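Predicted, not measured: the structure shown is a model, and the values here were computed from it.
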Amino acid sequence: LTFYNITASHEYEHERLKVLSGILEGKYDAIVTTPDAALSYTIPPERLISANTVIEYGKTAIEPSELAAKLLAAGYVRVELVDAPGQFALRGGIFDIYPAVARFTDIDGNSSMETSPFRIELFGDEIDRMEIFDTETQRMTVTLDKVEFSPAREILLGTSGRAELRAAIESWKAKSKDARAIEEMNVELSAIDAGAELNFLDKYLTLIYPERICLLNYFARQSSVFLRGTAAIYDRIKAAEWHLNQTVEELLEGGTIAPKYTDYSKGADLLELFLDGCATVHFNSLGQGMSGKKIGAMFTFRTKHMVSYSENIELLCEDIESYRRGGYRIYLVAENEAAAKNICGVLCERGISALVESDSGEFSAEDLPRNTLLVGWKNQVKGYELTTPKIAVLSTVPENREGAYTASSKLKRKKKKKNGTETILSYNDLEVGDFVVHEIHGIGQYMGIENLTVDGVSRDYINIHYAG
């Protein structure tokens, strides 16, 4: 949440919209989230659906000014050339739109959900051509028959919403005696009157969305829910609530918002209520965090983590023989198909027979005979041993590969070496105060990104200070 009138990246906002839209479409099999993110208020499903835009070739008549107004109301920003999600450009009879997330259907009926810019060429109010294009080359790549895309912002105001927001700020300003708070509220009122992008809407979330909807409301009752570390989840909720309360105290001390609007998230009680109505599975070590909870059944798994055998073929062979004598089913993870076949050859030379996943078909833990070794690469998991069912998963994937696990079972990601000439791929990699080198202007200090409106067109500009 951004509670102050600052320009911020909307990248994560677009990711959230993509997830919410995908849930409504039934696209995802599973959603991975944190408890504080799941409980934070967001756009209600009904408002998200009503804010979607559908354009269909041969069926949708387009009046450029009306579509532009609709896009602005949906949180899109008008620019000269689109280069990021949440933007649109209008030049004569050509519309370029870069949706936060869209479902594209091509002329062959193939459908995909993605984030790509598309161009509409008009003949009068009819669509003459509609295609996905490349922002760098401006070349058309896919001819489209239909596009359905989401709004660009989670918080949508609308005309009536602007009037309501303005009235709320005016009402609170009239009660304020703090000169600094009055000045800040005047800035907010000026932005509303000018029709500019409002970068402080998160602060008035419950005024705009009194429904108080969070991610959990997007799921039906009896959904399957998996919690990893129940005690840690509730500790995180407490920490998030404390942090949010501190922020709210700062807002109230600043005197720029009425207390009744400073509710931004559900509490742990809603999570409890949600879990009671779902098929919930808790994954915990030693049953931590389960005190006082109703448990339908409890299953215990005795496991042991294993290190990679990539550098020790002798130890691998010894352990395989030991597991086979113990009646274990063994799955050996290789880096790729070629590595899997190579390992099989090495093991066969040592008198250890093995099956290769690609040659021997698909196996489940129940199908794989005991004392059998199956070598595969499709499921890249770290090694572990299940003692009771006698299943051993061994890995030969080198630990220095990205996503490999070290002996301490912590994720070890490959670090890229930085050098003095590293190219910046994203402005998110920069922090205010970092020194950068421009290929023309030389060394400067990065001061952030500012949004400026010139001739009615808003764009983000990089602020770099140079000496002299």
Nearest non-hydrogen partners of [X] and [Y], listed with the distance:
{"X": "Ile233", "Y": "Leu271", "value": "CG2-CD2, 4.2 Å"}
{"X": "Tyr76", "Y": "Ala152", "value": "CE1-N, 3.5 Å"}
{"X": "Phe133", "Y": "Val82", "value": "CZ-CG2, 3.7 Å"}
{"X": "Pro151", "Y": "Ala74", "value": "CB-O, 3.4 Å"}
{"X": "Pro35", "Y": "Ile237", "value": "CB-CG1, 3.6 Å"}
{"X": "Arg212", "Y": "Lys266", "value": "O-CE, 3.2 Å"}

One pair to check against side-chain contact (heavy atoms from CB on, under 4.5 Å): Arg236 and Asp36. What are the steps and the verdict? CA-CA 7 Å; Arg236 177 158 180 157; Asp36 42 316; 2.8 Å; yes
Less than 4.0 Å between a side-chain N and a carboxylate O, is that true for [Y] and [X]?
{"X": "Lys146", "Y": "Glu148", "answer": "no"}
{"X": "Lys18", "Y": "Glu13", "answer": "no"}
{"X": "Asp96", "Y": "Arg91", "answer": "yes"}
{"X": "Arg47", "Y": "Glu211", "answer": "yes"}

Side chain proximity check, [X] to [Y], heavy atoms < 4.5 angstrom:
{"X": "Met113", "Y": "Ser21", "answer": "yes"}
{"X": "Glu385", "Y": "Tyr323", "answer": "yes"}
{"X": "His10", "Y": "Arg16", "answer": "no"}
{"X": "Ser353", "Y": "Arg324", "answer": "yes"}

CA sep, side-chain torsions, deciding dist, call: Leu347, Leu332, side-chain contact (heavy atoms from CB on, under 4.5 Å): CA-CA 11 Å; Leu347 293 175; Leu332 181 60; 4.2 Å; yes
Can you tell me if [atom1] on [X] sees more than 12 non-hydrogen neighbours from other groups inside 6.0 Å?
{"X": "Lys27", "atom1": "NZ", "value": "yes"}
{"X": "Glu136", "atom1": "CD", "value": "no"}
{"X": "Ile443", "atom1": "CD1", "value": "no"}
{"X": "Glu126", "atom1": "CD", "value": "no"}

Arg350 and Glu318: CA distance, side-chain angles, deciding distance, salt bridge (Lys or Arg N to Asp or Glu O under 4.0 Å) verdict: CA-CA 11 Å; Arg350 296 168 180 263; Glu318 290 177 12; over 6 Å; no
Does NZ or CZ of Arg228 fall inside the cone over Phe283's six-membered ring, less than 6.0 Å from its centre and within 45° of the axis? no
side-chain hydrogen bond (donor to acceptor under 3.5 Å, both in side chains) between Tyr41 and Asp263, intermediate numbers included: CA-CA 9 Å; Tyr41 295 145; Asp263 178 20; 3.0 Å; yes
Using a distance-only test with no angle check, is there a side-chain donor-acceptor pair under 3.5 angstrom linking [X] and [Y]?
{"X": "Ser111", "Y": "Arg103", "result": "yes"}
{"X": "Gln138", "Y": "Arg119", "result": "yes"}
{"X": "Tyr98", "Y": "Asp83", "result": "no"}

Please report the interatomic distance CG(Leu48) to CD1(Ile213), rounded to the nearest 0.5 Å. 12.0 Å
Report the C-alpha separation of Glu321 and Ile352 in whole Å, then their side-chain angles, then the decisive distance to 0.1 Å, and conclude whether the side-chain contact (heavy atoms from CB on, under 4.5 Å) test is met. CA-CA 8 Å; Glu321 288 293 357; Ile352 301 174; 3.4 Å; yes
Indicate yes or no for a side-chain donor-acceptor contact from Tyr209 to the backbone of Leu156 under 3.5 Å, with no hydrogens or angles considered. yes
Sub-3.5 Å donor-acceptor pair from the side chain of Gln380 to the main-chain atoms of Asn336, do we have one? no
Begin from the C-alpha positions of Gln445 and Tyr466 and carry the test side-chain hydrogen bond (donor to acceptor under 3.5 Å, both in side chains) through to its verdict. CA-CA 7 Å; Gln445 190 173 26; Tyr466 293 96; over 6 Å; no
Determine, stepwise, if the pair Lys203 / Tyr264 fulfils side-chain contact (heavy atoms from CB on, under 4.5 Å). CA-CA 8 Å; Lys203 188 165 67 173; Tyr264 303 103; 4.0 Å; yes
Using the side chain to side chain contact (heavy atoms under 4.5 Å, CB included) definition, which of the options Ile97, Val54, Asn52, Val101 pairs with Phe149? Ile97
